[in-house]
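Note sheet for the following structure.
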Amino acid sequence: MTKTLPHSVDPQTGKRYWLIKSEPLSRIEGKDQEVAYPLSNLLTNSFTTWDGVRNHEAKNHMLNMSLGDYCLFYHSNCPHPGIVGIVEVCKEAHPDHSQWELGNKYVDPKSSHDSPRWWCVDVKFNRRLKSKLTLDILRADPELAEMALVKRGRLSVTPVRTEEFLRVLQMEKESALKDDLDCEIPRDLIDIVS
DNA sequence: GCCAACGTTGGC
DNA sequence: GCCAACGTTGGC
């Protein structure tokens, strides 16, 4: 595995930006483990632990996250995958306890408490995007052609460069303006109906 | 260290 | 549900 260095912080905010993927639609794995975690869950839970990531590259990105960093929140494995909101790192990397939980689908027999293999961060809600930015829209934008989400489709935690993050916010603004003109669906329902 | 087999992700 | 992409595993 290649050692990763974090991308640079936004000089304006001192933050790094990332993208994390989650499935919004209920899906049970194994006996009874719900794997879905829609952004709306973070409206009722004050934070969530981003555990269950079992890819070393994704894990390394989480090890590089700092308190206060922003993560674009992406809904995958659904009819219209895309970025739906922003969450904030509220606890830096700590061992992912699911690796030691008997019966957990993420258990890793090779991992010991002395040297954990898997790590996670906690994130809390920041805000919803005014309008979902679908993968189609993101892929069609030349300024996002190098974005890890586009180039490394299967990685569930990816870095986002400052200029990419700002571009996403700009696209949100443009897209929301368009919604005002031709979308009758109340904002709060957009995620639900999609 | 190579690489075939296998497993997983996630768009479609 | 299919399957391409790609990461991981393990035999050699």
Please figure out whether R117(A) or K151(A) has its closest DNA chain C nucleotide nearer the 5' end.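 The residue whose closest nucleotide sits nearer the 5' end is K151(A).
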side-chain contact (heavy atoms from CB on, under 4.5 Å) involving E88(A) - partner list, sequence neighbours excluded: Y70(A), K124(A), N126(A)
Using the test side-chain contact (heavy atoms from CB on, under 4.5 Å), find all partners of L166(A) that sit at least two apart in sequence or belong to another chain.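 Result, side-chain contact (heavy atoms from CB on, under 4.5 Å) vs L166(A): T162(A).
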Could you list all the ring pair (Phe, Tyr, Trp, His ring centres under 6.0 Å) pairs where at least one residue sits in [range], not counting sequence neighbours?
range                       : answer
residues 115-145 of chain A : H56(A)-W118(A)
residues 136-165 of chain A : Y17(A)-F165(A)
residues 93-117 of chain A  : H97(A)-W100(A), W100(A)-H113(A)

Using whole Å, what does the distance between atom [atom2] of nucleotide [N] and atom [atom1] of [X] come to?
X       : N      : atom1 : atom2 : value
D108(A) : dT8(B) : CG    : P     : 13 Å
Y106(A) : dT8(C) : OH    : C1'   : 17 Å
N55(A)  : dC6(C) : CG    : P     : 13 Å

Are any of the side-chain heavy atoms of L72(A) and L133(A) separated by less than 4.5 Å? no
Assign R152(A) to base, sugar-phosphate, or nothing according to its heavy-atom contacts below 4.0 angstrom with the strands shown.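 Answer is sugar-phosphate: R152(A) comes under 4.0 Å of backbone atoms only.
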If you restrict it to nitrogen or oxygen atoms, what contacts under 3.5 Å exist between nucleotides 10-12 of chain B and the protein, and what is each distance?
residue, atom, partner, partner atom, Å
dG10(B), OP1, K21(A), NZ, 3.2
dG10(B), OP1, R154(A), O, 3.2
dG10(B), N3, R154(A), NH1, 3.1
dG11(B), OP1, Y74(A), OH, 2.8
dG11(B), OP2, N77(A), N, 3.0
dG11(B), O3', R139(A), NH2, 3.3
dC12(B), OP1, R139(A), NH2, 2.3
dC12(B), OP2, R139(A), NH2, 3.3

